[in-house]
Amino acid sequence: MLNAKIPAGPLESKWTDYKGHCKLVNPANKRKLEVIIVGTGLAGASAAASLGELGYKVKAFCFQDSPRRAHSIAAQGGINAAKNYQNDGDSVFRLFYDTIKGGDYRAREANVHRLAEVSANIIDQCVAQGVPFAREYGGLLSNRSFGGTQVQRTFYAAGQTGQQLLIGAYQALERQVALGNVKMYSRHEMLEIVKIDGKARGIIARDLVSGKLERHFGHAVLLCSGGYGNVFYLSTNAMGSNVTAAWKAHKQGALFGNPCFTQIHPTCIPVSGDHQSKLTLMSESLRNDGRIWVPKKQNDTRKATDIPEDERDYYLERRYPAFGNLVPRDVASRAAKERCDAGYGVGSSKQAVYLDYASAIERYGRTEANKQGKSNASMEEIIAMGKEVVKEKYGNLFDMYEKITGENPYEVPMRIYPAVHYTMGGLWVDYELQTTVPGLYALGEANFSDHGANRLGASALMQGLADGYFVIPYTIGNYLADEIYSNAIATDHPAFAEAEKAVNDRIHQLMNIKGKQTVESFHKRLGKIMWDKCGMARNEQGLKQAIAEIQALKKEFWSDVRIPGEIEQMNPELDKANRVADFIELGELMCIDALNRNESCGGHFREESQTEEGEALRDDANFMYVAAWEFKGEHQWELHKETLNYDVIKPSQRNYK
Amino acid sequence: MEHYHMNLNLKVWRQKNNQSKGEFKLYRVENISSEMSFLEMFDVLNEQLIRDGEDPVTFDHDCREGICGACSMYINGKPHGPWQANTTCQLHMRAFKDGDTIVVEPWRANAFPVIKDLMVDRSAFDRIIQAGGYISVNTGNAVDGNALPIEKDKADSSFAAAMCIGCGACVAACKNSSAMLFLSAKVSHLALLPQGAPERKSRVMNMVAQMDKEGFGACTNTGACEATCPKEISISNIARLNQEYLMASLTAE
Ligand SMILES: Cc1cc2nc3c(=O)[nH]c(=O)nc-3n(C[C@H](O)[C@H](O)[C@H](O)COP(=O)(O)OP(=O)(O)OC[C@H]3O[C@@H](n4cnc5c(N)ncnc54)[C@H](O)[C@@H]3O)c2cc1C
Ligand code: SF4
Ligand code: FES
């Protein structure tokens, strides 16, 4: 039943062939076609700008006060592209291969190859828009390396790559707003998909300032609403990131792909107490130069700087000599958890490991001394010069660490611990990025498509922009070409009225509970269940328990939540309640999916399925498929499988040793 | 780092909506950890207010990492509070001590009307960008990224200006509510790059015209903006903006 619509022909020419043969919409007709875009992060802003440029009538929505503030803004480390500017052996094929392998052979070959193909265009486009990427003294673009790869293909702008890319896309979007091709609805939250004759035809959105519901028609609807890591309450995602748009689509018939595939990022600032509202990432790029270690002795309470070199366990370098500190994220995270669980953790919570820059500072200092011809520089001078170099590369990250912890990372090693960071799962989409609801598309982190069971660093920005700038402009034409005869549907159509009523009823129901517990407290409890039982390690018993606990939590939420204020006013607690209600339902599905997938792959680690050395053990014979779940009713889902065929790459057990 | 706990008095601006008149209200929060962020302290206050059946305080925030530019509180007379080069969300409670009274207000500027409590409408900034804060290049039109080398120092200065997070603290700090620092950051970001050259003149003219239309005040070079900017956007960008503007007006037909 699931048709991924992968074009026939050899892998390298699928996309070119597709583009050569897909249907086109002529310019006069484009002006009559309306496209709704929910979300204006990298995926949504790039799609809105590009579709606006093509001449479609675009309406774009975001819940922040400006599209420039989407969660994409927070991405730090960089964006991959197969440019091979460094002449170190990179190619489209290698980027494709690394992404498939990094994803532990749970992604679709055709999609990933297309991603690698368009990656180079993304960099060109961004440079043309004025994105100030880091450059070398010769004026050419600079690269760094990221986890899970052995080439330097990551483009960056200090530790603010996401910001610079988003500003570029935002400016392109605002240009289309000025030209009248895009109408922007900020501080709006999409709360329902409107379907007419089985096709997505619009949305119900709430104006968050007035609290009023609005109806919007579109010939097609694009969801670019980001990831759902906040189901864990604590994550590196922005506070507002949520699953609501994707979840409403799911309940309207869009299948949800691999919901349990979550990325836990190894280098985040550890939790400091119960008050914690979110976690902060320390970019993966820090693993380029930093070394990760714990004391060799359990419960060592000495200060890091007092622990001599030979009493330190650089456990990543020890366990994975080939990749060392640059193993993929899932591997690094589990290794940190293993050490902490075994009693070697550091800091007051003992749930942390060290990320140490001392040797990098010295190494850079020596290089700098050489460059400046200071052959007899003192150690102090060398360290001072090294600190300058590190500051130029990572200054903003070090500053952020100091602001949060009050400790100076130039002097003492940083304390880090894994945290929820990204969700590989999302709405199931075919090769054209269309969900199982005709006319409804999902782009960026909101879809499940390209990262399999684990995403490599610097690949989400690439995917978001690939989807928005270079994929959807073609694939949407293939659908809209048949829509040129459908006139815009007036929003007094019964389907709109019905959808609006459903949203309205639900909001009133929530407000009328008038219980005792705050939305936040429910969200925290959900997060704890998810982190303990569906987090870095999962097992059958825990997952079954989690499902029961979440079902009970749902009942409690719907009978005892307290939402202050009124409906028709600015009411952030109500906004949050809408989102948490959906997170609770999603949490249940994630546990069901994790329970079904009785294998370990990528970020999904089932304790029942590991090698003797404690590495993740895949089960290709039974699980080489995408689990796409269909919503059937409360607590009920049906599993559909999309079998993954590897025609070009031969899956092997990942080995970073 | 030593951690401690504190009790605080908060004097917070409450305003139901754009039409209503606002006022300060006093609240007390107890047992606040020095490890909390300023917004986490507000989370504690809000949980308390909800339990007491009162309306929680509305404020803008999202990333809580100092990069999205959403957070915007005027704390003890300073936008984003007492720390240098910092946003409200990255201010941590170790900046305060037991018994302190903290006064919290929204950004105040005609061009930033209050929506509710501490939340203001900064859409004027988006409209300034719409007036010309971009390079007109459609998707697919680009040449190879390395086709045009850019001197590292130019690229770095452009990046330094592009770091602006559009928070509006510069406007809130300025006695004239001028948006010149914000505007100059965008003009510099694009003017310093060869890609930005073709639209250099129209960009600066149109953006300045839009800024005036939005009701921001004139710049009298007091430097309050630079001192308060969380991203340390340099006031030298304003000099560059003035130069660009002058050049554009002299050569305009
Ligand atoms: C701290 C951090 C650092 C990262 N660093 C990197 C990195 O270095 N490299 C990399 O490749 N990736 C990185 N990532 C991942 C990457 O940033 C994200 O995956 C990516 O930016 C997601 O983009 P997006 O456009 O899909 O969604 P987002 O940027 O999350 O945008 C979602 C949009 O949807 C809107 N929205 C959501 N729901 C609704 C609704 N119901 N109604 C209306 N609007 C809605 C929001 O307003 C927003 O505009 C990082 C992630 C984090 C958390
Ligand atoms: S110039 Fe500074 S203070 Fe002004 S909006 Fe930009 S970041 Fe904020
Ligand atoms: S909340 Fe994003 S900058 Fe403060």
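Since the model is a prediction, treat every value here as computed from it, not as a measurement. Order of the sequence lines sets the chain letters (A, B, ...), proteins ahead of strands, with each chain counted from 1.
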Does any backbone or side-chain atom of [X] lie under 4.5 Å from a heavy atom of chain A? Answer side chain, backbone, both or neither.
| X | answer |
| --- | --- |
| B:Ile32 | neither |
| B:Ser123 | neither |
| B:Ala85 | backbone |
| B:Leu193 | side chain |
| B:Val143 | backbone |
| B:Val120 | backbone |
| B:Asn17 | neither |
| B:Asn141 | backbone |
| B:Ser34 | neither |
| B:Met119 | side chain |

Problem - Listed partners of B:Ser37 passing side chain to side chain contact (heavy atoms under 4.5 Å, CB included), at least two apart - result: B:Leu39, B:Glu40, B:His92
Exercise for the section: Name, in order of residue number, those residues of residues 121-128 of chain A that have a heavy atom at a distance of less than 4.5 Å from a heavy atom in chain B; otherwise write 'none'. Expected result: A:Asp124, A:Gln125, A:Val127, A:Ala128
Handout entry: Verdict with supporting geometry, A:Arg69 and B:Asp60, salt bridge (Lys or Arg N to Asp or Glu O under 4.0 Å)
Key = CA-CA 11 Å; A:Arg69 306 202 204 286; B:Asp60 260 319; over 6 Å; no
Handout entry: Pairs involving residues 185-197 of chain B, ordered by first then second residue, that meet salt bridge (Lys or Arg N to Asp or Glu O under 4.0 Å) (sequence neighbours left out)
Key = none
Problem - Cation-pi geometry met for A:Arg579 and A:Phe63 (6.0 Å, 45°) - result: yes
Practice task
Give the minimum heavy-atom separation between B:Ala169 and B:Thr228, together with the two atoms involved.
Solution key: O-CG2, 3.6 Å
Practice task
Locate the shortest heavy-atom distance separating A:His71 from A:Thr236; write the atom from each residue and the value.
Solution key: CE1-O, 4.1 Å
Practice task
With sequence neighbours excluded, give me every side-chain hydrogen bond (donor to acceptor under 3.5 Å, both in side chains) pair touching residues 177-186 of chain A.
Solution key: A:Gln176-A:Asn181
Completion exercise
Among A:Arg175, A:Gln129, A:Gln569, the residue with the most heavy-atom pairs under 4.5 Å to chain B is A:Arg175
